[in-house]
Structure formats: structure tokens, C-alpha cells
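Written out below as C-alpha cells is the structure these notes cover.
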Amino acid sequence: MEKLLLHVCCAPCSTSVIEELSKEFVVYLFFYNPNIHPVREQELRRVESEKYASKLGLAFYFDSSDVKAWFKMVSDNKWATEKSGDRCYYCYEDRLRLTAMKATENGIGYFASTLTVSPYKHAEMINEIGKRLGDEYGMNYLERDFKKKNGYKKSVELSKNEGMYRQDYCGCVYSKLERLRIKPYN
Ligand code: SF4
């Protein structure tokens with residue numbers, strides 16, 4: 001089987017995606033999410049993801065986050081519409097780019113992201129970025145919308161069965177503020 005590096009945004013989203021991809025690939029996990037605020041929340045999600053990787057016996061990589069660089073990257077678009085606005089575009093791209101680079105460094109031929117499993121993320125935008133980065137790095141981006149075929153529903157069920165921590169906002173401080181104003185996330 002070919003190797004695939006899967007960018008993991010959080011443990012709950014990874015559950016059904018890992019289940020699906022493990023049928024086709026040798027899956028390696030990569031946690032890189034400098035968008036998650038505050039840092040203790042980022043740590044909480046990383047630890048939960050690493051714990052699940054260890055339970056499944058999967059290799060788990062993570063990269064340290066430059067939080068200041070992330071804030072600078074979105075500074076002109078911080079109040080853009082969540083999901084499809086420019087803030088999310090840059091946030092998706094940053095995480096996918098590092099995943100493509102990490103896969104290249106480690107001789108892994110494919111990369112993908114758990115991001116499309118969530119109905120709160122823009123799957124078409126994510127896939128368009130992934131394909132472009134795949135071309136740029138000479139890598140195979142796996143274009144999928146993981147929420148299809150009940151992928152999101154399965155991820156909720158699996159993560160609840162595992163007793164995983166489930167956050168109530170996407171990750172950045174702006175999404176946290178939106179959530180406080182509008183509606184519950186999960
Ligand atoms: S809402 Fe989510 S995807 Fe969009 S910028 Fe914030 S953390 Fe990134």
C-alpha cells in the first residue's frame with residue numbers, strides 16, 4: 001500500500017477519516033494547527049490526537065506552531081466570514097502547505113486533511129488548495145470530501161464512543177467569538 005500523511009485538525013474529526021483511509025493507505029498522522037487559540041487548547045487537541053494515534057498504533061508527527069505568524073497572516077482578514085472567507089482560506093492553505101512539505105521530507109507520496117469531514121469547513125476550497133499545493137510540491141493530494149457517506153456522523157459517533165474531548169469552536173479566537181454569539185458548534 002502507498003503511504004499517506006494525514007493532516008489532523010483534532011482527534012474527533014480524525015476518527016472516521018482514519019477508518020476510511022486505512023483501507024487504502026498506510027496512514028501517518030500530522031498535527032499542525034497554529035490557528036488554535038489559546039495555546040492550552042491547542043495542546044489539549046494535540047494530546048487527544050496523539051493518544052488516539054497511540055491507541056491505533058499509528059505514527060504521529062507534530063510541528064510547533066508560530067502563533068504570532070498565524071495572527072499576522074490573517075490580520076487583514078480577521079473578521080472575514082467563517083468557512084468560506086479569506087481568513088479561513090489562508091488558514092487552510094498554511095496547514096496544507098506544511099503537510100505537503102512534511103510528506104515530501106519523509107518520502108510519503110500522498111497527503112490529505114481531515115478538514116473536509118466537518119460541515120463547518122469549505123470542502124471545495126480545501127480541495128482546490130490541496131490540488132494546487134500537490135502540483136507545486138510534485139505530490140499526490142488526495143481529493144476527498146470526508147463528510148460524504150455519513151463521514152461526519154460517523155466521526156461524531158466514534159469520538160463519543162471513545163470519550164474524546166470535543167471542542168465547541170473551530171479553533172481561532174475569531175471562531176470562538178462567533179460561537180459565543182451565535183450557536184453551539186457540535
Ligand atoms: S474559523 Fe477555523 S478554519 Fe477559519 S480561520 Fe478560524 S481556525 Fe482557521
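Just follow the structure's listing: the first ligand is 1, and inside any ligand the first atom is 1.
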Problem - Parallel, tilted or perpendicular: rings of Tyr120 and Tyr152 (30°, 60°) - result: perpendicular

Exercise for the section: Show which atoms of ligand 1 fall inside a sub-4.0 Å distance from at least one heavy-atom site of Arg95. Expected result: 3 (S), 8 (Fe)

Fill in the blank from the handout: Separation between CZ (Arg179) and CG (Asp168), nearest 0.5 Å, reads 8.0 Å

Handout entry: For Cys172, the ligand 1 atoms whose distance to one of its heavy atoms is below 4.0 Å
Key = 1 (S), 5 (S), 6 (Fe), 7 (S)

Exercise for the section: Find all atoms of ligand 1 within a distance of less than 4.0 Å from any non-hydrogen atom belonging to Glu82, and give their numbers and elements. Expected result: 1 (S)

Exercise for the section: Would you confirm whether Asn140, through its side chain, and Gly109, through its main-chain N or O, come within 3.5 Å as a donor-acceptor pair? Expected result: yes

Exercise for the section: May I ask you to say whether Lys83 pairs ionically with Glu178, meaning some side-chain N is under 4.0 Å from a carboxylate O? Expected result: no

Practice task
Within a distance under 4.0 Å of any heavy atom of Ser175, pick out the atoms of ligand 1 and give their elements.
Solution key: 1 (S)

Completion exercise
for atom 1 (S) of ligand 1, nearest protein heavy atom and its distance come out as Arg87 NH2, 3.4 Å

Problem - Atoms in ligand 1 with a heavy atom of Cys170 nearer than 4.0 Å - result: 1 (S), 2 (Fe), 3 (S), 7 (S)

Exercise for the section: Would you mind checking if Lys154 and Glu157 are paired as a salt bridge, meaning a charged N to carboxylate O distance below 4.0 Å? Expected result: no

Exercise for the section: Would you kindly specify which portion of Tyr90 sits under 4.0 Å from ligand 1, judged on non-hydrogen atoms: side chain, backbone, both or neither? Expected result: neither

Practice task
Please work out which of the three classes, parallel, tilted or perpendicular, describes the rings of Tyr32 and Phe30, given edges at 30° and 60°.
Solution key: parallel

Practice task
Give a yes/no answer: is there an N/O/S atom of Cys88 under 2.8 Å from atom 4 (Fe) of ligand 1?
Solution key: yes

Problem - Residues, nucleotides or ligands: over 12 heavy atoms within 6.0 Å of Glu124 CD - result: no

Handout entry: ligand 1 atoms in contact with Tyr92 (distance to a heavy atom under 4.0 Å)
Key = 3 (S)

Exercise for the section: Select one of side chain, backbone, both or neither to describe which atoms of Cys91 lie under 4.0 Å from any atom of ligand 1, heavy atoms only. Expected result: side chain

